[in-house]
Student: 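Questions regarding the structure given below will be posed in turn.
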Amino acid sequence: MSTTTTAAPVPVSVPELSIFDPVYLGIDESGMPVEVRLIYRNMLIAGEPGGGKSSLLNVIAAHGALSTDCRLCLFDGKQVELGQWEACADVFVGPDLALAIATVRRLQIVMDNRYRHLRWRLRRKIRRNDKFSPILILIDELAYFTATIGDKKLREDFSSLVRDLVARGRAVGIIVVAATQRPSSDIIPTSLRDLFAYRAAFRCTTDSSSDIILGHGWANRGYTANTISPTNHGCNLLLAEGGVPHLMKTGWMDDDICIRIAAHAAQTRRAAREARLAQQPQKPKLDLVAA
């Protein structure tokens, strides 16, 4: 009888990153690299299915996983879009709205505690050398947690908690990156959209859907994701703070590359965590015999 074995993914050799570093997203129309600083920012990713939202999430997840100064909190109702990064995450939430709400409440407590610390230190935001790490929150399919699973009360609770993190979390290093394939006003109300400094609009079927992502009036000014070809996967209009939307092509990583990067990142993060624990002062042990 023959048996087959699956080889473990071969780790890749990559430099250690920091969440304070610019995050590479892809290239622009001229072939120049597109980078954004996610620290002190949030990002909204939306567009029709198959446009390339998962590719952009994977690029951001890879940078976060390779940043040992960053903690990862992943929400994925399908469990497979971000599942490859689960070993790198501090928390991974699947199709469980109660767990999702409990996790966001914990993040809210962390946020409030950090603000108390900043207030005590007479500071406005965290710094690279602070002892507490920034937290990168990735939510795949925001609509699943806000309009699909559970009852209306629980969905509203989750929505309001996420809105609070987006509104107040930036200065204390809590970064929210949320993606949805339902760019509608009930999923992305204006009051929530305007809190996102970065907005990436992938292919949309209408100008109004594009405006729901980028902001009202951009379609009339010639910036609409409705003009992106359905066959141009990964192409999107990226709006940065204070700028105008720019066409860009998201970097592509297949499943094998994601698995290899995740394996390397998980190993690196474990080593970094063990090194931090080793540096902490040890409490003296009580010698019961001598006592």
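Source: prediction; values computed, not measured.
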Student: In plain terms, say whether D69 and R128 are close enough for a salt bridge, that is, a side-chain N and a carboxylate O under 4.0 Å apart.
Tutor: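 Salt bridge between D69 and R128, a charged N being under 4.0 Å from a carboxylate O: no.
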Student: Indicate, with yes or no, if I174 and V162 share a hydrophobic cluster defined by side-chain heavy-atom contacts under 4.5 Å among Ile, Leu, Val, Met, Phe, Trp and Tyr.
Tutor: yes
Student: For the atom pair CG (L57) and CE (M43), what is the distance rounded to the nearest 0.5 Å?
Tutor: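 If we round to the nearest 0.5 Å, L57:CG and M43:CE are 9.5 Å apart.
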Student: Charged N to carboxylate O below 4.0 Å: is that the case for K78 and E81?
Tutor: yes
Student: Can you tell if the side chain of I126 reaches within under 4.5 Å of the side chain of Y40, non-hydrogen atoms only?
Tutor: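 Yes; the side chains approach each other to less than 4.5 Å.
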Student: Are R123 and D130 within salt-bridge range, i.e. N to O under 4.0 Å?
Tutor: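 Yes, charged N to carboxylate O under 4.0 Å.
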Student: Does the side chain of Y144 come within less than 4.5 Å of D76's, by heavy atoms?
Tutor: no
Student: Under a 4.5 Å cut-off applied to non-hydrogen side-chain atoms, are R170 and I39 in contact?
Tutor: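 Not in contact.
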Student: So which of V176, I137, V93, L161 actually passes side-chain contact (heavy atoms from CB on, under 4.5 Å) with V104?
Tutor: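 The side-chain contact (heavy atoms from CB on, under 4.5 Å) with V104 is passed solely by L161 among V176, I137, V93, L161.
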Student: Give, for atom CZ of R71 and atom CD1 of I19, the distance between the pair rounded to the nearest 0.5 Å.
Tutor: 14.0 Å
Student: How long is the straight-line distance from CZ of F158 back to CD1 of I101, given to the nearest 0.5 Å?
Tutor: 8.0 Å
Student: Do F202 and H233 have ring centres separated by under 6.0 Å?
Tutor: no
Student: Between K153 and D157, is there a salt bridge with N-O shorter than 4.0 Å?
Tutor: yes
